[in-house]
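After the C-alpha coordinates below, expect a handful of questions from me.
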There are 2 protein chains.
Amino acid sequence: MKDQEKHKGDQDKQHGLTRQRLLEAAGEVFAERGFRDAVVRDICEKAGANVAAINYHFGNKQRLYSAVLKLSYETAMRKYPPTLGLTDDSTPQEQLFAFVHALLLRVLDAGRPAWHGKLVGREMAEPTVAFEEIARDMLDPLFLRLRGILAKLVPGATEDHLNRSCASIVGQCMFYYHGRAVIHRVYPSQGYGPADIEALAQHVTRFSLAGLATADNPHKKK
Amino acid sequence: MKDQEKHKGDQDKQHGLTRQRLLEAAGEVFAERGFRDAVVRDICEKAGANVAAINYHFGNKQRLYSAVLKLSYETAMRKYPPTLGLTDDSTPQEQLFAFVHALLLRVLDAGRPAWHGKLVGREMAEPTVAFEEIARDMLDPLFLRLRGILAKLVPGATEDHLNRSCASIVGQCMFYYHGRAVIHRVYPSQGYGPADIEALAQHVTRFSLAGLATADNPHKKK
DNA sequence: GCTTGATTCAAACATGCGTTTGAAATTACT
DNA sequence: AGTAATTTCAAACGCATGTTTGAATCAAGC
(Lines give C-alpha, C1' and ligand atoms only; values in the text may rest on other atoms or scores of the structure.)
Protein backbone atom coordinates (compact mmCIF):
# COMPACT_ATOMS: atom_id res chain seq x y z
CA MET A 1 0.00 0.00 0.00
CA LYS A 2 2.68 2.42 0.96
CA ASP A 3 4.86 1.41 -1.97
CA GLN A 4 1.98 1.88 -4.34
CA GLU A 5 1.26 5.40 -3.13
CA LYS A 6 4.84 6.42 -3.51
CA HIS A 7 4.93 5.05 -7.03
CA LYS A 8 1.80 6.92 -7.90
CA GLY A 9 3.16 10.15 -6.47
CA ASP A 10 6.28 9.89 -8.57
CA GLN A 11 4.21 9.42 -11.67
CA ASP A 12 2.14 12.48 -10.96
CA LYS A 13 5.22 14.48 -10.50
CA GLN A 14 6.59 13.31 -13.83
CA HIS A 15 3.53 14.06 -15.83
CA GLY A 16 2.94 17.52 -14.44
CA LEU A 17 6.31 18.62 -15.73
CA THR A 18 5.87 19.10 -19.45
CA ARG A 19 4.14 22.42 -19.04
CA GLN A 20 6.83 23.60 -16.64
CA ARG A 21 9.61 22.44 -18.88
CA LEU A 22 8.06 24.30 -21.78
CA LEU A 23 7.83 27.50 -19.76
CA GLU A 24 11.43 27.19 -18.69
CA ALA A 25 12.73 26.47 -22.17
CA ALA A 26 10.59 29.18 -23.70
CA GLY A 27 11.80 31.69 -21.15
CA GLU A 28 15.35 31.08 -22.23
CA VAL A 29 14.65 31.06 -25.93
CA PHE A 30 12.40 34.13 -25.94
CA ALA A 31 14.88 36.08 -23.81
CA GLU A 32 17.67 35.12 -26.16
CA ARG A 33 15.93 35.52 -29.48
CA GLY A 34 12.74 37.47 -28.90
CA PHE A 35 9.25 36.38 -29.87
CA ARG A 36 9.61 36.51 -33.64
CA ASP A 37 12.90 34.68 -33.96
CA ALA A 38 12.15 32.09 -31.32
CA VAL A 39 11.22 28.84 -33.03
CA VAL A 40 8.71 26.53 -31.38
CA ARG A 41 10.62 23.46 -32.47
CA ASP A 42 13.71 24.74 -30.66
CA ILE A 43 11.70 25.41 -27.54
CA CYS A 44 10.21 21.93 -27.65
CA GLU A 45 13.55 20.31 -28.24
CA LYS A 46 15.04 22.18 -25.30
CA ALA A 47 12.05 21.16 -23.18
CA GLY A 48 12.11 17.55 -24.29
CA ALA A 49 8.57 17.86 -25.57
CA ASN A 50 6.67 17.31 -28.78
CA VAL A 51 5.80 20.36 -30.92
CA ALA A 52 2.11 19.73 -30.42
CA ALA A 53 2.57 20.21 -26.68
CA ILE A 54 2.57 23.97 -27.08
CA ASN A 55 -0.85 23.87 -28.65
CA TYR A 56 -2.08 21.43 -26.03
CA HIS A 57 -0.81 23.31 -22.97
CA PHE A 58 -0.90 26.92 -24.12
CA GLY A 59 -2.98 27.10 -27.29
CA ASN A 60 -0.35 28.77 -29.42
CA LYS A 61 3.04 30.45 -29.43
CA GLN A 62 1.65 33.84 -28.48
CA ARG A 63 -0.04 32.50 -25.36
CA LEU A 64 3.12 30.68 -24.37
CA TYR A 65 4.91 34.01 -24.70
CA SER A 66 2.33 35.73 -22.52
CA ALA A 67 2.69 33.03 -19.89
CA VAL A 68 6.45 33.50 -19.96
CA LEU A 69 6.09 37.27 -19.60
CA LYS A 70 3.93 36.87 -16.52
CA LEU A 71 6.18 34.31 -14.92
CA SER A 72 9.28 36.33 -15.65
CA TYR A 73 7.73 39.50 -14.25
CA GLU A 74 6.86 37.81 -10.99
CA THR A 75 10.27 36.23 -10.71
CA ALA A 76 12.14 39.42 -11.50
CA MET A 77 10.11 41.65 -9.22
CA ARG A 78 10.36 39.15 -6.38
CA LYS A 79 14.11 38.97 -6.66
CA TYR A 80 14.93 42.52 -7.78
CA PRO A 81 12.15 44.96 -6.87
CA PRO A 82 12.78 48.68 -7.54
CA THR A 83 12.90 49.07 -3.78
CA LEU A 84 15.81 46.68 -3.42
CA GLY A 85 17.49 47.10 -0.08
CA LEU A 86 15.54 50.21 0.92
CA THR A 87 14.18 51.02 4.36
CA ASP A 88 11.57 53.49 5.49
CA ASP A 89 14.10 56.19 6.02
CA SER A 90 16.05 55.80 2.81
CA THR A 91 16.91 59.06 1.09
CA PRO A 92 15.78 59.86 -2.44
CA GLN A 93 19.37 59.37 -3.54
CA GLU A 94 19.30 55.88 -2.10
CA GLN A 95 15.96 55.31 -3.76
CA LEU A 96 17.43 56.26 -7.09
CA PHE A 97 20.33 53.89 -6.56
CA ALA A 98 17.97 51.05 -5.67
CA PHE A 99 15.86 51.73 -8.76
CA VAL A 100 18.87 51.76 -11.04
CA HIS A 101 20.55 48.80 -9.41
CA ALA A 102 17.42 46.65 -9.54
CA LEU A 103 16.77 47.59 -13.16
CA LEU A 104 20.30 46.68 -14.16
CA LEU A 105 20.05 43.39 -12.27
CA ARG A 106 16.77 42.53 -13.94
CA VAL A 107 18.37 43.10 -17.32
CA LEU A 108 21.89 41.87 -16.84
CA ASP A 109 21.79 39.09 -14.29
CA ALA A 110 22.32 35.58 -15.55
CA GLY A 111 19.46 33.18 -16.11
CA ARG A 112 15.84 33.22 -15.17
CA PRO A 113 15.70 36.35 -12.99
CA ALA A 114 16.83 38.41 -15.94
CA TRP A 115 14.48 37.06 -18.57
CA HIS A 116 12.10 39.83 -17.79
CA GLY A 117 14.43 42.74 -18.34
CA LYS A 118 15.53 41.25 -21.62
CA LEU A 119 12.01 40.55 -22.77
CA VAL A 120 10.90 44.07 -21.92
CA GLY A 121 13.98 45.51 -23.58
CA ARG A 122 13.05 43.66 -26.74
CA GLU A 123 9.43 44.78 -26.54
CA MET A 124 10.55 48.39 -26.19
CA ALA A 125 12.69 48.19 -29.27
CA GLU A 126 10.36 46.03 -31.32
CA PRO A 127 6.86 45.92 -29.89
CA THR A 128 4.69 42.87 -30.39
CA VAL A 129 1.02 42.54 -29.57
CA ALA A 130 2.10 41.98 -25.99
CA PHE A 131 3.51 45.50 -25.66
CA GLU A 132 0.29 47.11 -24.55
CA GLU A 133 -0.10 44.81 -21.58
CA ILE A 134 3.57 45.02 -20.69
CA ALA A 135 3.48 48.80 -20.82
CA ARG A 136 0.34 49.07 -18.72
CA ASP A 137 1.25 46.54 -16.06
CA MET A 138 4.99 46.77 -15.94
CA LEU A 139 6.43 49.90 -17.55
CA ASP A 140 3.94 52.55 -16.49
CA PRO A 141 4.36 51.79 -12.77
CA LEU A 142 8.11 51.79 -13.15
CA PHE A 143 8.23 55.17 -14.87
CA LEU A 144 5.80 56.52 -12.31
CA ARG A 145 8.03 55.40 -9.46
CA LEU A 146 11.15 56.87 -11.07
CA ARG A 147 9.32 60.09 -11.71
CA GLY A 148 8.33 60.27 -8.06
CA ILE A 149 11.90 59.76 -6.94
CA LEU A 150 13.16 62.48 -9.28
CA ALA A 151 10.48 64.92 -8.18
CA LYS A 152 11.81 64.53 -4.63
CA LEU A 153 15.36 65.07 -5.79
CA VAL A 154 14.67 68.25 -7.77
CA PRO A 155 11.52 69.82 -6.36
CA GLY A 156 10.12 72.45 -8.66
CA ALA A 157 11.78 71.12 -11.78
CA THR A 158 9.90 71.49 -15.05
CA GLU A 159 7.89 68.68 -16.53
CA ASP A 160 10.24 68.47 -19.47
CA HIS A 161 13.32 68.23 -17.31
CA LEU A 162 11.79 65.44 -15.25
CA ASN A 163 10.59 63.56 -18.32
CA ARG A 164 13.87 63.82 -20.10
CA SER A 165 15.81 62.91 -17.00
CA CYS A 166 13.70 59.78 -16.59
CA ALA A 167 14.49 58.90 -20.19
CA SER A 168 18.16 59.66 -19.60
CA ILE A 169 18.34 57.35 -16.61
CA VAL A 170 16.43 54.45 -18.11
CA GLY A 171 18.29 54.94 -21.38
CA GLN A 172 21.66 54.60 -19.64
CA CYS A 173 20.57 51.36 -18.00
CA MET A 174 18.91 49.87 -21.03
CA PHE A 175 21.89 50.65 -23.22
CA TYR A 176 23.72 47.81 -21.49
CA TYR A 177 21.09 45.61 -23.08
CA HIS A 178 20.17 47.41 -26.30
CA GLY A 179 23.77 48.22 -27.03
CA ARG A 180 25.30 45.03 -25.66
CA ALA A 181 26.89 44.13 -29.01
CA VAL A 182 28.73 47.41 -29.33
CA ILE A 183 29.65 47.54 -25.64
CA HIS A 184 31.11 44.07 -25.93
CA ARG A 185 33.16 45.28 -28.83
CA VAL A 186 34.26 48.66 -27.54
CA TYR A 187 34.61 47.71 -23.86
CA PRO A 188 35.49 44.02 -23.92
CA SER A 189 36.52 44.05 -20.27
CA GLN A 190 33.04 45.09 -19.17
CA GLY A 191 31.90 42.31 -16.85
CA TYR A 192 28.42 41.45 -15.67
CA GLY A 193 28.97 39.80 -12.30
CA PRO A 194 27.27 41.18 -9.17
CA ALA A 195 30.14 43.57 -8.41
CA ASP A 196 30.23 44.81 -12.01
CA ILE A 197 26.52 45.47 -12.03
CA GLU A 198 26.76 47.31 -8.75
CA ALA A 199 29.59 49.45 -10.09
CA LEU A 200 27.51 50.29 -13.11
CA ALA A 201 24.60 51.19 -10.88
CA GLN A 202 26.87 53.44 -8.83
CA HIS A 203 28.07 55.16 -11.99
CA VAL A 204 24.62 55.66 -13.49
CA THR A 205 23.27 56.95 -10.17
CA ARG A 206 26.10 59.38 -9.57
CA PHE A 207 26.14 60.58 -13.20
CA SER A 208 22.40 61.08 -13.12
CA LEU A 209 22.22 62.81 -9.75
CA ALA A 210 24.64 65.38 -11.09
CA GLY A 211 22.75 65.68 -14.36
CA LEU A 212 19.49 66.09 -12.53
CA ALA A 213 20.80 69.04 -10.60
CA THR A 214 21.47 71.00 -13.79
CA ALA A 215 19.36 73.73 -15.30
CA ASP A 216 15.79 73.64 -16.51
CA ASN A 217 14.89 74.01 -12.89
CA PRO A 218 12.87 77.26 -12.85
CA HIS A 219 14.21 78.20 -9.42
CA LYS A 220 17.72 78.15 -10.71
CA LYS A 221 17.26 79.64 -14.14
CA LYS A 222 20.09 81.94 -15.16
CA MET B 1 18.55 64.41 -84.65
CA LYS B 2 18.14 66.60 -81.63
CA ASP B 3 14.73 65.18 -80.89
CA GLN B 4 16.08 61.68 -81.17
CA GLU B 5 18.91 62.31 -78.73
CA LYS B 6 16.60 63.82 -76.21
CA HIS B 7 14.25 60.90 -76.54
CA LYS B 8 17.08 58.47 -76.03
CA GLY B 9 18.32 60.35 -72.98
CA ASP B 10 14.93 60.12 -71.40
CA GLN B 11 14.90 56.41 -72.01
CA ASP B 12 18.28 55.90 -70.41
CA LYS B 13 17.17 57.87 -67.46
CA GLN B 14 14.07 55.75 -67.09
CA HIS B 15 15.82 52.43 -67.37
CA GLY B 16 18.59 53.26 -64.95
CA LEU B 17 16.05 53.85 -62.25
CA THR B 18 15.05 50.39 -61.08
CA ARG B 19 18.17 49.92 -59.08
CA GLN B 20 17.74 53.37 -57.52
CA ARG B 21 14.13 52.78 -56.78
CA LEU B 22 14.99 49.52 -55.07
CA LEU B 23 17.62 51.20 -52.91
CA GLU B 24 15.19 53.90 -51.91
CA ALA B 25 12.38 51.52 -51.10
CA ALA B 26 14.69 49.15 -49.28
CA GLY B 27 16.11 52.02 -47.24
CA GLU B 28 12.67 52.82 -45.99
CA VAL B 29 11.60 49.26 -45.34
CA PHE B 30 14.83 48.17 -43.66
CA ALA B 31 14.82 51.27 -41.44
CA GLU B 32 11.24 50.59 -40.50
CA ARG B 33 11.36 46.85 -40.03
CA GLY B 34 14.99 45.79 -39.85
CA PHE B 35 16.68 43.23 -42.04
CA ARG B 36 14.88 40.11 -40.80
CA ASP B 37 11.35 41.47 -40.90
CA ALA B 38 11.74 43.36 -44.11
CA VAL B 39 10.10 41.36 -46.89
CA VAL B 40 11.54 41.51 -50.37
CA ARG B 41 8.09 41.49 -51.95
CA ASP B 42 7.18 44.61 -49.98
CA ILE B 43 10.36 46.34 -51.06
CA CYS B 44 9.72 45.46 -54.70
CA GLU B 45 6.14 46.57 -54.53
CA LYS B 46 7.16 49.87 -53.03
CA ALA B 47 9.82 50.24 -55.72
CA GLY B 48 7.51 49.27 -58.54
CA ALA B 49 9.80 46.40 -59.45
CA ASN B 50 9.59 42.65 -59.89
CA VAL B 51 10.87 40.41 -57.09
CA ALA B 52 13.55 39.00 -59.35
CA ALA B 53 15.04 42.47 -59.68
CA ILE B 54 16.74 42.20 -56.32
CA ASN B 55 18.60 39.12 -57.44
CA TYR B 56 19.43 40.74 -60.78
CA HIS B 57 20.71 44.07 -59.40
CA PHE B 58 22.08 43.08 -56.02
CA GLY B 59 22.40 39.30 -55.94
CA ASN B 60 20.34 38.79 -52.81
CA LYS B 61 18.61 40.49 -49.92
CA GLN B 62 21.74 40.64 -47.82
CA ARG B 63 23.69 42.49 -50.49
CA LEU B 64 20.82 44.91 -50.98
CA TYR B 65 20.98 45.55 -47.23
CA SER B 66 24.70 46.18 -47.41
CA ALA B 67 24.21 48.63 -50.28
CA VAL B 68 21.56 50.43 -48.25
CA LEU B 69 23.86 50.60 -45.24
CA LYS B 70 26.61 52.21 -47.29
CA LEU B 71 24.32 54.68 -48.97
CA SER B 72 22.66 55.60 -45.71
CA TYR B 73 25.99 56.10 -43.96
CA GLU B 74 27.19 58.47 -46.66
CA THR B 75 23.95 60.38 -46.64
CA ALA B 76 23.79 60.65 -42.87
CA MET B 77 27.39 61.67 -42.39
CA ARG B 78 27.17 64.23 -45.17
CA LYS B 79 24.13 65.84 -43.65
CA TYR B 80 24.77 65.31 -39.95
CA PRO B 81 28.48 64.76 -39.25
CA PRO B 82 29.55 64.51 -35.59
CA THR B 83 31.26 67.86 -36.16
CA LEU B 84 28.02 69.56 -37.10
CA GLY B 85 28.38 73.33 -36.86
CA LEU B 86 31.82 73.27 -35.25
CA THR B 87 34.71 75.60 -35.97
CA ASP B 88 38.39 75.29 -35.23
CA ASP B 89 38.03 77.06 -31.94
CA SER B 90 35.02 75.20 -30.64
CA THR B 91 35.24 74.20 -27.00
CA PRO B 92 35.00 70.58 -25.87
CA GLN B 93 31.56 71.42 -24.51
CA GLU B 94 30.51 72.56 -27.95
CA GLN B 95 32.05 69.47 -29.43
CA LEU B 96 30.00 67.31 -27.13
CA PHE B 97 26.86 69.17 -28.10
CA ALA B 98 27.61 68.75 -31.78
CA PHE B 99 28.24 65.03 -31.33
CA VAL B 100 25.00 64.53 -29.42
CA HIS B 101 22.95 66.75 -31.70
CA ALA B 102 24.19 65.05 -34.86
CA LEU B 103 23.62 61.60 -33.40
CA LEU B 104 20.07 62.47 -32.44
CA LEU B 105 19.44 63.95 -35.87
CA ARG B 106 20.80 60.86 -37.60
CA VAL B 107 18.43 58.72 -35.55
CA LEU B 108 15.35 60.87 -35.23
CA ASP B 109 15.13 63.00 -38.33
CA ALA B 110 12.46 62.12 -40.84
CA GLY B 111 13.18 60.22 -44.00
CA ARG B 112 16.35 59.24 -45.74
CA PRO B 113 18.93 61.08 -43.64
CA ALA B 114 17.84 59.10 -40.61
CA TRP B 115 17.84 55.64 -42.10
CA HIS B 116 21.36 55.17 -40.92
CA GLY B 117 20.81 55.88 -37.26
CA LYS B 118 17.84 53.57 -37.25
CA LEU B 119 19.66 50.80 -39.07
CA VAL B 120 22.62 51.03 -36.72
CA GLY B 121 20.29 51.13 -33.71
CA ARG B 122 18.75 47.91 -34.92
CA GLU B 123 22.13 46.31 -35.54
CA MET B 124 23.23 47.21 -32.01
CA ALA B 125 20.18 45.58 -30.50
CA GLU B 126 20.02 42.61 -32.83
CA PRO B 127 23.23 42.14 -34.78
CA THR B 128 23.12 40.59 -38.24
CA VAL B 129 26.10 39.47 -40.28
CA ALA B 130 26.52 43.11 -41.22
CA PHE B 131 27.34 44.15 -37.66
CA GLU B 132 31.06 43.53 -37.90
CA GLU B 133 31.45 45.90 -40.81
CA ILE B 134 29.16 48.49 -39.30
CA ALA B 135 31.05 48.39 -36.02
CA ARG B 136 34.44 48.66 -37.66
CA ASP B 137 33.62 51.40 -40.14
CA MET B 138 30.94 53.34 -38.40
CA LEU B 139 30.74 52.70 -34.66
CA ASP B 140 34.38 52.43 -33.68
CA PRO B 141 35.27 55.85 -35.12
CA LEU B 142 32.26 57.37 -33.43
CA PHE B 143 33.12 55.98 -29.99
CA LEU B 144 36.72 57.03 -30.51
CA ARG B 145 35.68 60.58 -31.26
CA LEU B 146 33.37 60.75 -28.26
CA ARG B 147 36.06 59.33 -26.08
CA GLY B 148 38.45 62.00 -27.26
CA ILE B 149 35.97 64.74 -26.47
CA LEU B 150 35.38 63.37 -23.01
CA ALA B 151 39.08 63.04 -22.29
CA LYS B 152 39.40 66.77 -22.97
CA LEU B 153 36.47 67.53 -20.69
CA VAL B 154 37.72 65.52 -17.73
CA PRO B 155 41.47 65.18 -18.05
CA GLY B 156 42.88 62.53 -15.77
CA ALA B 157 39.62 60.61 -15.45
CA THR B 158 39.86 56.85 -15.08
CA GLU B 159 39.37 54.53 -18.00
CA ASP B 160 36.21 53.14 -16.42
CA HIS B 161 34.69 56.56 -15.87
CA LEU B 162 35.35 57.56 -19.48
CA ASN B 163 34.03 54.26 -20.83
CA ARG B 164 30.90 54.34 -18.74
CA SER B 165 30.31 57.98 -19.52
CA CYS B 166 30.53 57.26 -23.24
CA ALA B 167 27.98 54.51 -22.74
CA SER B 168 25.81 56.85 -20.70
CA ILE B 169 25.81 59.51 -23.38
CA VAL B 170 25.19 57.22 -26.32
CA GLY B 171 22.62 55.31 -24.26
CA GLN B 172 20.65 58.48 -23.58
CA CYS B 173 20.56 59.34 -27.26
CA MET B 174 19.79 55.85 -28.50
CA PHE B 175 16.99 55.44 -26.00
CA TYR B 176 14.93 57.80 -28.12
CA TYR B 177 15.18 55.10 -30.74
CA HIS B 178 15.38 51.87 -28.76
CA GLY B 179 12.72 53.01 -26.33
CA ARG B 180 10.57 54.91 -28.80
CA ALA B 181 7.51 52.80 -28.07
CA VAL B 182 7.60 53.46 -24.35
CA ILE B 183 8.54 57.11 -24.79
CA HIS B 184 5.60 57.55 -27.12
CA ARG B 185 3.40 56.06 -24.45
CA VAL B 186 4.79 57.76 -21.38
CA TYR B 187 5.61 61.12 -22.99
CA PRO B 188 3.11 61.47 -25.82
CA SER B 189 3.88 65.13 -26.29
CA GLN B 190 7.51 64.39 -27.14
CA GLY B 191 7.96 65.81 -30.62
CA TYR B 192 10.69 65.11 -33.13
CA GLY B 193 10.88 68.28 -35.19
CA PRO B 194 14.16 70.20 -35.51
CA ALA B 195 13.49 72.29 -32.42
CA ASP B 196 12.52 69.24 -30.40
CA ILE B 197 15.65 67.39 -31.39
CA GLU B 198 17.78 70.38 -30.52
CA ALA B 199 16.11 70.65 -27.12
CA LEU B 200 16.84 66.98 -26.50
CA ALA B 201 20.44 67.51 -27.52
CA GLN B 202 20.70 70.43 -25.11
CA HIS B 203 19.30 68.30 -22.32
CA VAL B 204 21.54 65.31 -22.96
CA THR B 205 24.59 67.54 -23.26
CA ARG B 206 23.91 69.48 -20.10
CA PHE B 207 22.92 66.37 -18.13
CA SER B 208 26.03 64.60 -19.31
CA LEU B 209 28.47 67.46 -18.72
CA ALA B 210 27.34 67.52 -15.11
CA GLY B 211 27.51 63.75 -14.83
CA LEU B 212 30.98 63.73 -16.32
CA ALA B 213 32.26 66.08 -13.69
CA THR B 214 31.37 63.67 -10.89
CA ALA B 215 33.68 61.36 -9.04
CA ASP B 216 35.83 58.54 -10.33
CA ASN B 217 38.22 61.26 -11.29
CA PRO B 218 41.41 60.37 -9.33
CA HIS B 219 42.25 64.03 -8.87
CA LYS B 220 39.01 64.66 -7.13
CA LYS B 221 38.63 61.50 -5.16
CA LYS B 222 37.20 62.02 -1.70
C1' DG C 1 -10.90 -4.78 -16.49
C1' DC C 2 -13.29 -1.28 -18.85
C1' DT C 3 -14.34 3.41 -19.91
C1' DT C 4 -13.33 8.11 -20.09
C1' DG C 5 -10.41 11.93 -20.11
C1' DA C 6 -5.80 13.72 -20.47
C1' DT C 7 -1.54 13.81 -22.74
C1' DT C 8 1.74 12.83 -26.26
C1' DC C 9 3.07 11.56 -30.82
C1' DA C 10 4.41 11.60 -35.95
C1' DA C 11 2.89 13.22 -39.89
C1' DA C 12 0.64 16.36 -42.49
C1' DC C 13 -1.07 20.88 -43.55
C1' DA C 14 -1.07 25.79 -44.79
C1' DT C 15 1.38 29.72 -45.32
C1' DG C 16 5.12 32.84 -45.94
C1' DC C 17 9.45 34.11 -47.86
C1' DG C 18 14.00 34.27 -50.34
C1' DT C 19 15.60 32.56 -54.46
C1' DT C 20 15.66 30.59 -59.08
C1' DT C 21 14.24 29.73 -63.80
C1' DG C 22 13.48 30.30 -68.57
C1' DA C 23 11.08 33.14 -71.55
C1' DA C 24 9.82 37.68 -73.04
C1' DA C 25 10.78 42.36 -73.53
C1' DT C 26 13.86 46.07 -73.89
C1' DT C 27 18.12 48.25 -74.97
C1' DA C 28 22.47 48.86 -77.24
C1' DC C 29 25.43 48.29 -81.00
C1' DT C 30 26.85 47.43 -85.74
C1' DA D 1 17.24 45.26 -89.53
C1' DG D 2 19.70 41.83 -87.08
C1' DT D 3 22.31 40.40 -83.23
C1' DA D 4 23.85 40.41 -78.67
C1' DA D 5 23.45 42.03 -74.12
C1' DT D 6 20.66 43.63 -70.54
C1' DT D 7 16.61 43.81 -67.90
C1' DT D 8 12.15 42.37 -66.50
C1' DC D 9 8.56 39.07 -65.89
C1' DA D 10 5.40 35.28 -63.97
C1' DA D 11 5.68 31.14 -62.20
C1' DA D 12 7.86 27.81 -59.79
C1' DC D 13 10.95 26.03 -56.37
C1' DG D 14 12.79 24.84 -51.81
C1' DC D 15 12.67 25.54 -47.26
C1' DA D 16 11.20 27.13 -42.68
C1' DT D 17 7.70 27.63 -39.32
C1' DG D 18 3.28 27.68 -36.64
C1' DT D 19 -0.56 24.89 -36.42
C1' DT D 20 -3.59 20.88 -36.92
C1' DT D 21 -4.95 16.06 -37.05
C1' DG D 22 -6.14 11.55 -35.66
C1' DA D 23 -4.15 7.81 -33.50
C1' DA D 24 -1.62 5.95 -29.64
C1' DT D 25 -0.47 6.05 -24.98
C1' DC D 26 -1.11 7.12 -20.33
C1' DA D 27 -3.74 8.16 -16.16
C1' DA D 28 -7.83 8.30 -13.37
C1' DG D 29 -12.06 6.53 -11.79
C1' DC D 30 -15.54 3.04 -11.22
Side-chain angles (χ1 to χ4, degrees), chain A residues 1 3-26 28-30 32-69 126 128-130, chain B residues 1 3-26 28-30 32-69 126 128-130:
Chain A
M1 175 87 110
D3 281 339
Q4 283 185 340
E5 288 183 344
K6 183 179 177 182
H7 183 63
K8 194 166 183 177
D10 284 348
Q11 283 189 337
D12 282 344
K13 191 174 176 183
Q14 283 296 335
H15 285 278
L17 273 185
T18 302
R19 193 178 190 281
Q20 288 306 311
R21 292 201 318 271
L22 280 174
L23 274 174
E24 202 69 29
E28 287 180 35
V29 177
F30 284 139
E32 175 66 33
R33 314 197 56 191
F35 177 72
R36 176 98 202 282
D37 285 8
V39 179
V40 294
R41 284 175 171 87
D42 288 347
I43 289 169
C44 292
E45 188 178 327
K46 189 179 279 282
N50 182 278
V51 293
I54 287 177
N55 172 272
Y56 183 77
H57 288 282
F58 299 96
N60 59 31
K61 184 183 179 182
Q62 183 63 53
R63 287 204 193 87
L64 171 61
Y65 184 60
S66 295
V68 166
L69 279 172
E126 212 63 57
T128 68
V129 300
Chain B
M1 177 88 104
D3 280 341
Q4 284 185 341
E5 287 183 347
K6 184 178 176 181
H7 182 64
K8 192 167 185 176
D10 284 348
Q11 282 189 338
D12 282 345
K13 192 174 174 182
Q14 283 296 336
H15 285 279
L17 273 185
T18 303
R19 193 177 189 278
Q20 288 306 313
R21 293 200 319 270
L22 281 173
L23 274 174
E24 203 69 29
E28 286 179 36
V29 178
F30 283 138
E32 175 66 33
R33 315 196 56 192
F35 177 72
R36 176 95 203 284
D37 284 9
V39 180
V40 293
R41 286 175 169 85
D42 288 348
I43 290 169
C44 290
E45 188 177 329
K46 188 180 281 279
N50 182 280
V51 293
I54 287 177
N55 172 272
Y56 183 79
H57 287 282
F58 298 97
N60 57 32
K61 182 183 179 182
Q62 181 65 51
R63 287 204 194 85
L64 171 60
Y65 183 61
S66 296
V68 165
L69 279 172
E126 212 63 58
T128 69
V129 300

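Just so you know, these numbers use all the heavy atoms, side chains as well, and skip hydrogens, waters and symmetry mates.
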Exercise for the section: Please list all pairs passing the salt bridge (Lys or Arg N to Asp or Glu O under 4.0 Å) test where one or both residues lie in residues 37-55 of chain A, with sequence neighbours left out. Expected result: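 Qualifying pairs, neighbours excluded: A:Glu28-A:Lys46, A:Arg33-A:Asp42, A:Asp37-B:Arg36.
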Exercise for the section: Kindly give the heavy-atom pair with the smallest separation between A:Asn50 and A:Cys44, and that separation in Å. Expected result: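 Nearest heavy atoms, A:Asn50 then A:Cys44: O-SG, 3.6 Å.
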Practice task
Indicate whether OP1 or OP2 belonging to C:dT7 is found under 4.0 Å from a side-chain N or O atom of A:Thr18.
Solution key: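 For C:dT7, OP1/OP2 do not have a side-chain N/O of A:Thr18 under 4.0 Å.
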Practice task
Can you measure from OG1 (B:Thr18) to NE2 (B:His57) and round to the nearest 0.5 angstrom?
Solution key: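 So the OG1 of B:Thr18 and the NE2 of B:His57 are separated by 5.0 Å.
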Practice task
Tell me whether the OP1 or OP2 atom of D:dT7 has a side-chain N or O from B:Tyr56 closer than 4.0 Å.
Solution key: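 Result: yes.
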Problem - Shortest non-hydrogen contact between B:Ile43 and B:Ala25, atoms and distance - result: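 Looks like O-CB, 3.5 Å.
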Problem - Short side-chain N/O contact to D:dT7 OP1/OP2 from B:Asn50, under 4.0 Å - result: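 Checking B:Asn50 against D:dT7: no side-chain N or O falls below 4.0 Å of OP1 or OP2.
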Handout entry: Residues in contact with DNA chain D, drawn from residues 33-42 of chain B - heavy-atom cutoff 4.0 Å
Key =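 Correct list: B:Arg41.
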Exercise for the section: To the nearest 0.5 Å, tell me how far A:Leu23 CG sits from A:Gln20 CD. Expected result: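 Reported value, rounded in 0.5 Å steps: 5.5 Å.
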Practice task
Mind calculating the distance between CD (B:Glu45) and C1' (C:dG16) to the nearest angstrom?
Solution key: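 Spelled out: CD on B:Glu45 to C1' on C:dG16 is 15 Å.
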Name the pairs: protein N/O against N/O of nucleotides 21-25 of chain D, kept only if under 3.5 Å.
none

Practice task
In whole angstrom, give the distance that lies between atom CZ of B:Phe58 and atom C1' of C:dG18.
Solution key: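 Atom-to-atom, B:Phe58 to C:dG18, this comes out as 16 Å.
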Practice task
Calculate the interatomic distance between A:Asn60 atom CG and C:dA14 atom P; express it in whole Å.
Solution key: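 Taking atom P of C:dA14 as the reference, CG of A:Asn60 is at 19 Å.
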N/O donor to acceptor pairs below 3.5 angstrom from side-chain atoms of residues 58-69 of chain B, sequence neighbours left out:
from    : atom 1 : to       : atom 2 : distance (Å)
B:Asn60 : OD1    : B:Gln62  : N      : 3.2
B:Asn60 : OD1    : B:Arg63  : N      : 2.9
B:Lys61 : NZ     : B:Phe35  : O      : 3.0
B:Lys61 : NZ     : B:Ala38  : O      : 2.7
B:Tyr65 : OH     : B:Glu123 : OE2    : 2.6
B:Ser66 : OG     : B:Gln62  : O      : 3.3

Problem - For atom CD1 of A:Ile54 and atom P of C:dT8, their distance in whole Å - result: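 To the nearest whole Å, that distance equals 12 Å.
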Problem - Nearest-Å distance for atom pair CG/P, residues A:Leu64 and D:dG18 - result: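 A:Leu64 atom CG is separated from D:dG18 atom P by 11 Å.
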Handout entry: Value in whole Å for how far the C1' atom of C:dG18 lies from CZ of B:Phe30
Key =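 It is 11 Å, rounded to the nearest whole Å.
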Practice task
For the side chain of A:Lys61, starting at C-beta, report the closest nucleotide among C:dT19, D:dG18, C:dT7.
Solution key: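 In terms of side-chain proximity for A:Lys61, the closest of C:dT19, D:dG18, C:dT7 is D:dG18.
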Exercise for the section: Check the distance between D:dT19's C1' and A:His57's NE2 and give it to me in whole angstrom. Expected result: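 Spelled out: NE2 on A:His57 to C1' on D:dT19 is 16 Å.
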Handout entry: Spacing between B:Tyr65 atom OH and C:dG18 atom P, to the nearest angstrom
Key =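 Those two atoms, OH and P, are 14 Å apart.
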Practice task
Give a yes or no on whether the backbone of B:Gly48 and the side-chain of B:Arg21 come within a donor-acceptor separation of less than 3.5 Å.
Solution key: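 Present.
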